[in-house]
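Here is the structure we will look at.
Note: hydrogens, waters and symmetry copies are ignored here, and every other heavy atom, side chains too, is used. Chain identifiers are assigned alphabetically (A, B, ...) following the order of the sequence lines, protein sequences preceding nucleic acid strands; residue numbering begins at 1 within each chain.
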Number of protein chains: 2
Amino acid sequence: MSETTIKNMEEFSAVSGISRPTVSKYFHDPDSVRQSTRQRIETALEKYDYRPNIFAMNQNRKLTKNVGIVVPLLADPYFAEIARNLEQRCIDAGYRPTLFSAHGDPNLEIEVLENLRALKPAGVLMAPLGRASHRAALEKFCDDVPTLIFDSSVDELGLAFVGSDNFQFTSHISDYLCRTGEPPCFFEMKTPANPNAHRRRQSYLNAMEAFGHEPQVISIDGEGWAFEEIGRLGGHEALSNKQFSTNTILCSNDRLAIGLLTACYEQGIKVGRGADCAIRVAGQDGHPHSRYTCPPLTTISHDYDAVSKHAADSLLAAIDGHVEPWKSTRIEGKLILRHSA
Amino acid sequence: MSETTIKNMEEFSAVSGISRPTVSKYFHDPDSVRQSTRQRIETALEKYDYRPNIFAMNQNRKLTKNVGIVVPLLADPYFAEIARNLEQRCIDAGYRPTLFSAHGDPNLEIEVLENLRALKPAGVLMAPLGRASHRAALEKFCDDVPTLIFDSSVDELGLAFVGSDNFQFTSHISDYLCRTGEPPCFFEMKTPANPNAHRRRQSYLNAMEAFGHEPQVISIDGEGWAFEEIGRLGGHEALSNKQFSTNTILCSNDRLAIGLLTACYEQGIKVGRGADCAIRVAGQDGHPHSRYTCPPLTTISHDYDAVSKHAADSLLAAIDGHVEPWKSTRIEGKLILRHSA
DNA sequence: CGGTTTTCTTTACGCGCGTAAATTTTATGT
DNA sequence: ACATAAAATTTACGCGCGTAAAGAAAACCG
């Protein structure tokens, strides 16, 4: 490594003895230049360690290799996990992903989209906040940038939607619960941030009707994204008031279930499927943490791999010109039996 | 909002009737132009909704308002939480934070730094991976960009270090445990990714010596960042082999403790400080999830606010020219008593 | 009102790189 | 060795904006 520091492609082309346009071509695709010049460039590269400025590169490019990934809340390990998964797939496909979080704030969400524009992304993978999202701003963005929506559907928006089959989720786990014990009550937030919650409630109602059981929905108060605390407080209230008509509780999502488990613990109520247990609790999502609750949480898990693969593949295909009419793909979840139910 | 879409500052200056350099000045600081021209610009802004391209802005600026935030692993809610905290502080101070994660991979860590360079950040807040970080690359980066290290110290690197006082953490919680029951065993990973772990072990040894107790360190196998699973598996092994000489276990961090709690549950061992409990378990970190374990985890918590405030303030002060000699600031943790110990 | 200061406008160049067109050099084939 | 194709070089302009300098216009002030 030499001392003289290279600050731009001009200088690098000088020390490598290759013209700048050719160097530029090399960085765009090393195979697009003659083998001998590639060698000369790479020799100089070892000696001088120069890297093109990524933002200047994109400035005047027709098609960039940038992909934006937007999630509603990075502090939720579920989104962190799926975002990481998507990032890796983009990298493997030769793209440059950049991750953004709306941090639960719809204003930040559109702020993020505006900044994303400047990146001139070839495409965007976006999980909207849901109910709170500014619909008009989203639409405008999707008109300009190829955007695939995942996790939380906003109908007919963007290139397509890929997510989990929430109806199947709830019907499947309801089915399991009904067959193995008392029929479940449904534990949810009154005003959920995410539209998937409504599908799950409806699916629960359907399932109960199919089984000929009386459904019972407990909708608790709470705003924001602190689901565990909302579940814990709501759980305490529901337990104290004996609102659960059976010994089985199906939660709208795992984070709520985690809070409910804590409430049960705090009231000395033993959870599980053993004879000595008072109630059964199940969640939905396959949250990364659900394995480590006590008792470990029975849940129905997103197929992280399938969702992220389908989402990434669809977007990259669209970028390559294989645009198809809008469609919604919903992937089935896998029941994960653990001790809680 | 008009139909004609503005794509650059040139066009916007045309429709607003103000020259481009003045418009540029306005976006740099709205107060730097005459009130009447500010009005004209803002009127046009409402009508045409234009936003300067953030990357083109930075391209030829002497001092940008960009701040990079780099954490080792966003999937860990602890880092997600502190990153969010730092982001907010930067925004409040008028800076534009951009968040990056090394995803536990030292190669990605330097990759991130290289990309960060192109952003021409005024400063960077960085939590290094620790042991695995490529020291030389970090140093080179810190030479070029004002960088404040947080969470995990790399001695004398960057502008300064801000983090928690790990010695105080462990000595404080050890003290509590010793005074309220049997002295703790120390449960840790054999080859921890983070150097803080060594300080905690040492502090435990010191504390036990001070109390006149025989220390006992259980170092379990495991590589990577899946601490809960490592703690669970290691916990099972240690419990089965009766490696814990007392009924109290202090874990090197909360995630390990969460895994250990699961292992205890799976072996039917009741955790807590009640008379009917077999062992006590405590963690360290004040992990966002520690409130919701069963039993809720007694831990010693980072002072998230103080750490992030001190880190952000120090960096921003340095950016403003108030550079001080390198120093290390370690902030005390707060004991959080819950049911597990 | 003239003089002074403040603020704009004009003009021009720079950032680091993409990209197109014309030209020259190098490789390939027979 | 020659024609031909392939690849590199030169030259020039563009992206969207920062920024500096000089002059014109507007505001302030006694």
Lys/Arg N to Asp/Glu carboxylate O, [X] vs [Y], below 4.0 Å:
{"X": "A:D305", "Y": "A:R89", "answer": "yes"}
{"X": "A:D49", "Y": "B:K140", "answer": "yes"}
{"X": "B:R117", "Y": "B:E114", "answer": "yes"}
{"X": "B:E111", "Y": "A:R51", "answer": "yes"}
{"X": "A:K309", "Y": "A:D313", "answer": "yes"}

- Hey, which sits more toward the 5' end of DNA chain D by its nearest nucleotide, B:I54 or A:N60?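 Mapping each residue to its closest nucleotide by heavy atoms, the 5'-most match is A:N60.
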- Task: Find which nucleotide of DNA chain D each of A:R38 and B:P21 is nearest to by heavy atoms, and output the residue with the more 5' nucleotide.
- Result: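 The residue whose closest nucleotide sits nearer the 5' end is A:R38.
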- DNA chain C: B:Q59 or B:R40, which has the more 5' nearest nucleotide? B:R40
So which nucleotide from [options] ends up closest to the side chain of [X]?
{"X": "B:R61", "options": "D:dG16, C:dT19, D:dT19", "answer": "D:dT19"}
{"X": "A:M9", "options": "D:dA8, C:dG18, C:dG16", "answer": "C:dG18"}
{"X": "A:K120", "options": "C:dT19, D:dC15, C:dC15", "answer": "D:dC15"}

- Item | Donor/acceptor link under 3.5 angstrom from A:R20 side chain onto base of C:dG16 | no
- Task: Would you indicate, yes or no, if D:dT10 has its OP1 or OP2 atom less than 4.0 angstrom from a side-chain nitrogen or oxygen of A:S19?
- Result: no
- Residues touching DNA chain C, which here means a heavy atom under 4.0 Å, drawn from residues 28-36 of chain B: B:V33, B:R34
